[in-house]
Amino acid sequence: MKLKALNGFKDILPGEAELWRQVEDRARDIFARFNFAEIRLPILEKTELFARSIGETTDIVEKEMYTFVDKQITMRPEATASLLRAYIEHGLYVQKPVQRLFTIGPMFRHERPQQGRLRQFHQMDVEILGSANPRVDAELMAMGTMLLSELGLCVSLEVNSLGCPACRPAFRENLLSFLESRQDALCDDCKRRSITNPLRVLDCKKPNCRSIVEDAPSILEHLCPECAAHFSEVQDGLRQLGIDYSLNKFMVRGLDYYCRTTFEFTTTDLGSQSAVCAGGRYDGLVEQLGGPKIPGIGCAMGMERLVLLLLQKEQKIEGPAEMDLFIAGLGDAASRIAFSLMQSLRKEGVRVAMDLDNRGLKSQMKQADKAGARYVLMIGDDELAKNTGMLRNMATQEQQGIPLGDIRILIETTTTGRHV
RNA sequence: GUGGGCGUGGCCUAGUUGGUUAGGGCACCUGGUUGUGGCCCAGGAGGUCGUGGGUUCAAGUCCCAUCGCCCACCCCA
């Protein structure tokens, strides 16, 4: 086997694609309930867009982007930057004070693949631009909760606030001096992190670092009055909407643009990739990208992680799409009639198939069965002589002759009682 | 980038201390029913044992190299 997909790039085969469609349909339904509009975005953008929004020194920008170096363009590693670019470029903020937008599609990061992590992966991305109101934060988390729950998934919601440019520097200093005092006890990774990204030390998974960090200064105790008020109203909103959540003062975001509210829906069933949906507020980002001073908040859901969870739940991948009718033509003459009858029925909206390779009846019945046909129309010499067909109900095994001259009865019988 | 694990027909896999034509299951095709699906039975097609080299009378099995995939670190949806 010479030609194969690239490492970290996956084909989604028909059976699984059906499950993907179910997830996406459910999401679109909920996005509509929450008054979101779809926006479709390009996959390639100028490299600069991601560097400026995600952060020059983040892992994503430093070493994970698929970039055409000579052209200075990059395959998007996430959707928020592209979405804000489009939002600013087309002046969407003048059409409505608050824009609620979603987009679904592939993202690309050159990481080492593992369970729940691919180089091309798919996200459903949701953004609310134009409101700094804490109720918006609560509403967004409520939507995430609703979607995951309607998908039948068991996840937990963790919430934190990262403060804002007014309060974070002071906290950062505080944390830095704390980490310096414990430097010797930290793992090697955390020693490095305390310099490159001190906040990251807070969510190190090593037990030893965890216990050290227990005593670390908490961002929640360093919030400025505005951020503290905002965060308390977010929680108030969550309570009003009946959303279960827990505070996680150690939760940190990987992208630089987040401020104030951040949240993560996590599961214990995905190996080490526990986040199925994560996001937060990014007031100031629109401005940073050259737009007006407009606040925003958003989150992204990882499609393959959702699908993995659904597969684990042994949710049956449904069989082939249901088919209304399979036409079994025996012999050349019958086959010719079947071929054009199939076209007429398809024009009328009937889901029809037939065997085009002149196989025996038994083989054709098998094909019909496998394809999920609810009816089979058999046309052989006997039927041909009378210009009729033998219509068999595959479930009840009843069959009756019906005239071929008038296809209305065929349409009606075979399309009533559809399940899909 | 760093660890660990695994590569046998399309898929899942058996293969004893190296020893005849590499075995089974799923799926596929044909027949049992010369015009009737699912279940059953019989038969059939399908394999450079990831690749290259080495040891040996003999390699799927042992050694070396290489490629690929998976899991974990890291990072993140």
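Quick note on labels: first sequence line is chain A, next is B, and so on, each numbered from 1. These figures come from a predicted structure and were not determined experimentally.
Heavy atoms of A/L255 sit under 4.0 angstrom from primed sugar atoms or phosphate atoms, though from no base atom. Nucleic acid contact class of A/A368 (heavy atoms, under 4.0 Å, all strands): none. Across all strands shown, A/L118 has heavy atoms under 4.0 Å from base atoms, whether or not it also approaches the sugar-phosphate. Using a 4.0 Å heavy-atom cutoff across all strands shown, A/Q115 reaches sugar-phosphate atoms only and no base atom.
Between A/R210 and A/E214 there is no salt bridge, since no side-chain nitrogen of the basic residue lies less than 4.0 Å from a carboxylate oxygen of the acidic one. Between A/E348 and A/R408, no side-chain nitrogen of the basic residue sits less than 4.0 Å from a carboxylate oxygen of the acidic one, so the salt-bridge criterion is not met. Ion pairing between A/D25 and A/R21 holds under the 4.0 Å rule for side-chain N and carboxylate O.
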Check the interface with nucleotides 66-68 of chain B: list each N/O to N/O pair with the protein under 3.5 Å, or write none.
{"residue": "B/G68", "atom": "O2'", "partner": "A/K4", "partner atom": "NZ", "Å": "3.1"}

Between the protein and nucleotides 41-47 of chain B, which nitrogen or oxygen pairs are less than 3.5 angstrom apart?
none

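Residue A/E304 contributes atom CD, which lies 13 Å from atom P of B/C70 at whole-angstrom precision. Across the protein-nucleic acid pair, A/L13 atom CG and B/C11 atom P stand 11 Å apart, rounded to whole Å. Rounded to an integer number of Å, the gap from CZ of A/R112 to C1' of B/G5 is 14 Å. In this structure, CD of A/E78 is placed 18 Å from P of B/C75, rounded to the nearest angstrom. In this structure, the CG atom of A/L6 is 12 Å from the P atom of B/C70, given to the nearest Å. Distance, A/R76 CZ to B/A77 P: 15 Å, rounded to whole Å. Separating the CE atom of A/M394 from the C1' atom of B/C39 is a distance of 14 Å, rounded to the nearest angstrom.
At least one donor-acceptor pair under 3.5 Å links the side chain of A/T103 to the backbone N or O of A/I39. Side-chain atoms of A/R100 come within 3.5 Å of backbone N or O of A/F34 as a donor-acceptor pair. Checking side-chain atoms of A/E64 against main-chain N and O of A/V61 turns up no donor-acceptor pair under 3.5 Å.
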Derivation and outcome, salt bridge (charged side-chain N to carboxylate O under 4.0 Å, His left out), residues A/R33 and A/E150: CA-CA 13 Å; A/R33 278 187 247 168; A/E150 288 193 16; 2.9 Å; yes
Chi angles and distances behind the side-chain contact (heavy atoms from CB on, under 4.5 Å) call for A/N248, A/E264: CA-CA 10 Å; A/N248 179 355; A/E264 221 173 82; over 6 Å; no
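With both pairing distances under 3.5 Å, B/G18 is matched to nothing as a Watson-Crick or G-U wobble pair. When both distances must be under 3.5 Å, the Watson-Crick or G-U wobble mate of B/U30 is B/A42. Nucleotide B/U36 forms no Watson-Crick or G-U wobble pair with any nucleotide shown, as no partner meets the under 3.5 Å limit on both distances. Across all strands shown, B/C73 forms a Watson-Crick or G-U wobble pair with B/G1, both key distances being under 3.5 Å. If you check B/U56 for Watson-Crick or wobble pairing at under 3.5 angstrom, you find it has no partner at all. Pair assignment for B/G7 gives B/C67, based on Watson-Crick or G-U wobble hydrogen-bonding distances that are each under 3.5 Å.
Taking atom P in both B/U61 and B/U48, one finds a spacing of 16 Å when rounded to whole Å. Taking the C1' atom of each, B/G47 and B/G31 are spaced 26 Å apart, rounded to whole Å. For the C1' atoms, the distance from B/C12 to B/A58 is 31 Å, rounded to whole Å. B/G52 and B/C39: their P atoms are spaced 41 Å apart (whole Å). The gap from the P atom of B/U51 to that of B/A22 amounts to 16 Å, rounded to the nearest Å. B/U66 and B/U2 have their P atoms separated by 13 Å, with the value rounded to a whole Å. Remark: the separation of the C1' atoms in B/A65 and B/G7 is 16 Å, to the nearest Å. For the P atoms, the distance linking B/U8 with B/G37 amounts to 37 Å, nearest Å.
Contact check, A/R253 against B/A77: a side-chain N or O comes under 4.0 Å of OP1 or OP2.
Taking the ring-ring contact (aromatic ring centres under 6.0 Å, His included) definition, one finds that A/Y245 meets it with nothing, sequence neighbours left out. Shown here are the salt bridge (Lys or Arg N to Asp or Glu O under 4.0 Å) partners of A/E89, two or more places apart in sequence or in another chain: A/R85.
With a 4.5 Å cut-off on side-chain heavy atoms, A/D381 and A/L330 do not count as touching. Two residues are said to be in side-chain contact when any heavy atoms from C-beta on lie closer than 4.5 Å; A/V286 and A/Y93 fail this criterion.
Taking CD of A/E111 as the start and CZ of A/R117 as the end, the distance is 4.5 Å to the nearest 0.5 Å.
More than 12 heavy atoms of other residues, nucleotides or ligands sit less than 6.0 Å from atom CG of A/L247.
For A/R117 against B/C74, a side-chain N or O and a base N or O form a donor-acceptor pair under 3.5 Å. For a distance-only test at 3.5 Å, the side chain of A/Q114 qualifies as a donor-acceptor partner of the base of B/C74. Judged by distance alone, with hydrogens and angles left aside, A/Q397 brings a side-chain donor or acceptor within reach of the base of B/G38, the pair sitting under 3.5 Å.
A/F31 has its ring centre less than 6.0 Å from the ring centre of A/F102.
Applying a 4.0 Å cut-off to non-hydrogen atoms, the residues of residues 48-64 of chain A that approach RNA chain B are A/D59, A/E64, listed by residue number.
Nearest-nucleotide mapping onto RNA chain B: of A/N393 and A/C204, the residue sitting toward the 5' end is A/N393.
Looking at A/M65, A/R76, A/E78 one by one, the single match for side chain to side chain contact (heavy atoms under 4.5 Å, CB included) with A/R109 turns out to be A/E78. Checking A/Q235, A/R260, A/R281 one by one against A/D137, the side-chain hydrogen bond (donor to acceptor under 3.5 Å, both in side chains) holds for a single residue, A/R281.
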Contact pattern, 5' to 3', of nucleotides 25-36 of chain B - B, S or - by protein heavy atom under 4.0 Å: ---SS--B--BB
